Amino acid sequence: MGNDKTNMFVAIALSLVVLLGWHYFVTGPATEKQRQQQAAAQSQTAPQPGGTSPADGVPGPSPQQGGPSAPVPGTLPQAGPVSREDALARSARVRIDTPALYGSVALKGARIDDVSLKNYHETVSDESPRIVLLSPTGSPNPYYAEFGWVGQNAGPLPNADTLWTAEGDLLAPGKPVTLTWDNGQGLVFKRILAVDDKFMFTVRDEVENKSGNAITLYPYSLVSRWGKPVTQGYYVLHEGLIGWLGDDRLQEYSYDAIAKEPAYGGANTRGKAWSNVTGGWVGITDKYWAAAAIPEQDKPFTGAFTERTDGATKVFQTSVRGDAVSVAPGASSASTQRLFAGAKEVNQINEYKRDLNIREFDSMIDWGWFWFLTKPMFRALDFFFHLAGNFGVSILLVTLILKIFFLPIANRSYVSMAKMKAVQPEMMSIRERYKDDKMKQQQAMMELYKKEKINPVAGCWPVLIQIPVFFALYKVLFITIEMRHAPFFGWIQDLAAPDPTSILNLFGLLPFAAPDFVHLGVWPLIMGVTMFIQMKMNPAPPDPVQAQVFAFMPIIFTFMLGSFPAGLVIYWAWNNTLSVIQQYVIMRRNGVKVELWDNLKGTFKRSKNAPAKS
């Protein structure tokens with residue numbers, strides 16, 4: 001009975017893994033394919049501006065302007081999208097060139113709307129196009145950052161049509177660029193743009209009041225994305241609007257979720273705002289890239305997430321608006337804000353958090369609820385990567401260390417399993433003796449466990465321990481850009497992508513591409529074999545149902561993990577191998593016969609004789 005319970009608990013645990021994994025990683029992506037088709041069609045639709053901004057004065061995408069409750073400058077209507085190159089040519093520009101980025105800043109509107117990443121390509125090939133992050137309005141997929149002022153009775157303020165004058169034509173590390181504009185009514189605006197050697201822009205907005213009246217202005221910054229992008233649709237990954245808003249902490253809204261918020265401000269606009277926030281940031285994140293507006297960390301601001309529908313186009317926006325700034329006649333005032341636009345490199349994000357004192361900026365990376373597992377897992381992988389120079393080798397070393405760390409628990413579990421095997425004849429005798437009296441059978445079993453000092457559920461611990469480690473490693477492999485395009489050996493050139501080989505074309509020997517719906521490569525097969533061997537280390541459960549579940553587990557896991565990141569499959573296969581070795585040694589030390597070969601012979605013998613029996 002005790003052995004039945006042990007097998008039952010193990011079967012339940014493994015079944016839960018299968019069910020949850022299948023739901024999260026198979027049915028979820030299948031549903032998302034339908035969304036991707038809609039998003040791809042939508043991205044080809046021309047962005048149509050219009051609408052009004054929220055009533056609290058948080059910037060909105062509109063060409064109007066006014067007081068603190070009025071919208072800020074936006075984009076004028078367009079006949080339709082043009083190519084990205086033609087959209088960039090519509091305005092004179094200041095070139096951006098850093099070791100990590102290249103692009104430009106439009107002098108018309110002074111938006112940062114052209115940013116590409118030098119060190120990241122769309123595929124593992126260095127010949128493939130580089131990643132384009134930000135694009136101007138008028139292009140098929142506008143995505144940009146904007147800075148400025150809103151206010152009352154201040155005369156014209158800079159907007160999307162303002163033509164700024166630049167002092168310099170190159171924005172580079174150590175080479176800031178100053179933009180100026182005079183509104184003709186006594187206000188002179190100056191914008192000083194600076195950039196570091198990675199992904200951080202610093203924007204200092206100054207205003208000089210030469211008029212005879214005091215004015216009140218509100219500084220703002222925003223990140224705006226036109227059209228819903230194609231997302232991967234995994235539950236373990238957040239893509240969409242994100243921000244840390246002071247005491248309201250981390251806020252994450254998917255593109256679909258923000259549209260379900262209440263009406264917010266103008267027509268066809270929905271969203272949410274957080275007032276009187278001190279410390280934080282807001283932005284829009286993809287899996288590996290992000291753009292975030294970062295206000296001054298010691299001054300209160302209002303943050304907002306909005307979604308506006310205009311015809312067939314959706315405009316997603318995150319914005320911050322600072323408190324009022326009064327500028328007396330003859331006086332000046334300034335506001336300094338920052339923009340992060342680049343790759344979510346873990347060490348770089350942490351450095352910005354530390355050096356620039358950006359509150360919880362590391363939450364830009366989706367470590368999840370189990371950050372206490374995923375963060376240390378990444379640190380360990382990153383450490384051994386720098387030691388070995390290969391993330392695949394790092395996975396193997398970390399797995400070995402985890403095995404050693406959990407060795408005491410695993411040893412107790414395997415010792416208990418070995419003792420269970422040693423008393424199998426006596427257990428079978430008890431079952432036969434009390435086959436008609438389940439109560440006495442259970443009492444006799446419990447007396448046997450007590451006499452032999454056996455814990456019947458101890459065998460579940462290796463599986464239960466492996467589940468959170470499996471999830472933490474999967475999360476790290478899936479979300480961190482450091483694993484993207486990281487090679488192993490041989491045909492594995494990207495540990496974050498599935499094994500590219502397929503059994504359907506004999507792993508590339510046949511001259512045709514295997515279909516994606518059956519993705520079964522070399523490493524998933526290796527993993528399935530190691531899991532099969534691990535199962536055969538133990539005798540088959542006496543319960544026929546449990547025996548069937550255990551028999552099909554390696555097959556189910558092989559197909560399920562076929563589409564998982566190769567790094568995760570390598571981990572699983574290596575972990576199974578270590579488990580088999582560990583269990584073999586422990587069983588031999590406890591004088592228990594290792595039944596692997598007998599079970600394998602029995603399996604193949606049954607398979608061979610199956611047709612004759614039928």
Side-chain angles (χ1 to χ4, degrees), residues 2-15 17-18 395-428 449 452-470 473 525-543 546-547 549-558 561 568-604:
N3 196 35
D4 290 346
K5 287 185 177 180
T6 300
N7 292 330
M8 183 180 298
F9 284 129
V10 174
I12 291 172
L14 291 172
S15 300
V17 173
V18 173
I395 291 172
L396 301 183
L397 291 174
V398 169
T399 307
L400 179 60
I401 291 173
L402 287 171
K403 274 291 181 185
I404 295 173
F405 181 78
F406 290 117
L407 191 59
I409 297 176
N411 277 350
R412 286 196 295 270
S413 300
Y414 287 131
V415 167
S416 179
M417 291 172 64
K419 290 181 178 179
M420 290 282 287
K421 290 182 181 181
V423 297
Q424 280 285 336
E426 193 169 350
M427 292 172 64
M428 296 299 295
Y449 297 151
E452 300 295 336
K453 298 181 179 179
I454 296 174
N455 182 356
V457 298
C460 301
W461 281 110
V463 175
L464 296 178
I465 290 172
Q466 189 172 340
I467 290 174
V469 174
F470 170 88
L473 181 61
L525 290 173
I526 293 174
M527 187 284 305
V529 171
T530 61
M531 190 173 186
F532 174 77
I533 292 174
Q534 187 179 18
M535 293 286 187
K536 291 303 176 181
M537 290 286 289
N538 304 309
D543 181 25
Q546 293 182 27
V549 170
F550 273 66
F552 280 100
M553 275 296 172
I555 300 174
I556 294 173
F557 269 72
T558 298
L561 267 69
L568 187 68
V569 182
I570 292 171
Y571 153 77
W572 195 273
W574 176 236
N575 185 75
N576 288 346
T577 303
L578 294 176
S579 297
V580 168
I581 295 172
Q582 183 181 24
Q583 186 174 354
Y584 179 88
V585 172
I586 293 173
M587 291 172 67
R588 292 298 299 269
R589 284 182 177 178
N590 285 270
V592 178
K593 180 183 178 183
V594 179
E595 301 182 14
L596 173 61
W597 306 117
D598 293 339
N599 290 336
L600 288 175
K601 290 178 183 178
T603 298
F604 292 114

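Start at 1 with the first residue, then count along the sequence. Keep in mind the model is a prediction, meaning the values are calculated, not measured.
- Considering only residues two or more places apart in sequence or on other chains, Leu396 meets the side chain to side chain contact (heavy atoms under 4.5 Å, CB included) condition with Phe488, Ile570, Trp574.
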Next item on the list: Please step through side-chain contact (heavy atoms from CB on, under 4.5 Å) for the pair Leu568 and Leu473, ending with a clear verdict.
Entry: CA-CA 7 Å; Leu568 187 68; Leu473 181 61; 4.3 Å; yes

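- For the atom pair OG1 of Thr530 and CG of Leu525, the computed distance is 10.5 Å after rounding to the nearest 0.5 Å.
- Across all their heavy atoms, Leu578 and Leu400 have their closest contact at CD1-CA, 4.0 Å.
- For Thr577, there are no side chain to side chain donor-acceptor pair (under 3.5 Å) partners two or more places apart in sequence or in a different chain.
- No side-chain heavy atom of Val398 sits less than 4.5 Å from a side-chain heavy atom of Tyr571.
- In plain terms, the two heavy atoms of Gly528 and Pro554 that are nearest each other are O-CB, 3.9 Å.
- Rounded to the nearest 0.5 Å, atoms CD (Gln534) and CD (Gln582) are 10.0 Å apart.
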Margin query: Does Trp572 form a side-chain contact (heavy atoms from CB on, under 4.5 Å) with Met531? I'd like the steps, not just the answer.
Written below: CA-CA 9 Å; Trp572 195 273; Met531 190 173 186; 4.2 Å; yes

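- Considering only residues two or more places apart in sequence or on other chains, Ile555 meets the side chain to side chain contact (heavy atoms under 4.5 Å, CB included) condition with Phe552, Phe559.
- Screening Leu402, Leu397, Ile395 for a side-chain contact (heavy atoms from CB on, under 4.5 Å) with Thr399, the sole residue that qualifies is Ile395.
- Contact record, Asn576 with Met527: ND2-O, 3.8 Å, taken as the closest heavy-atom pair.
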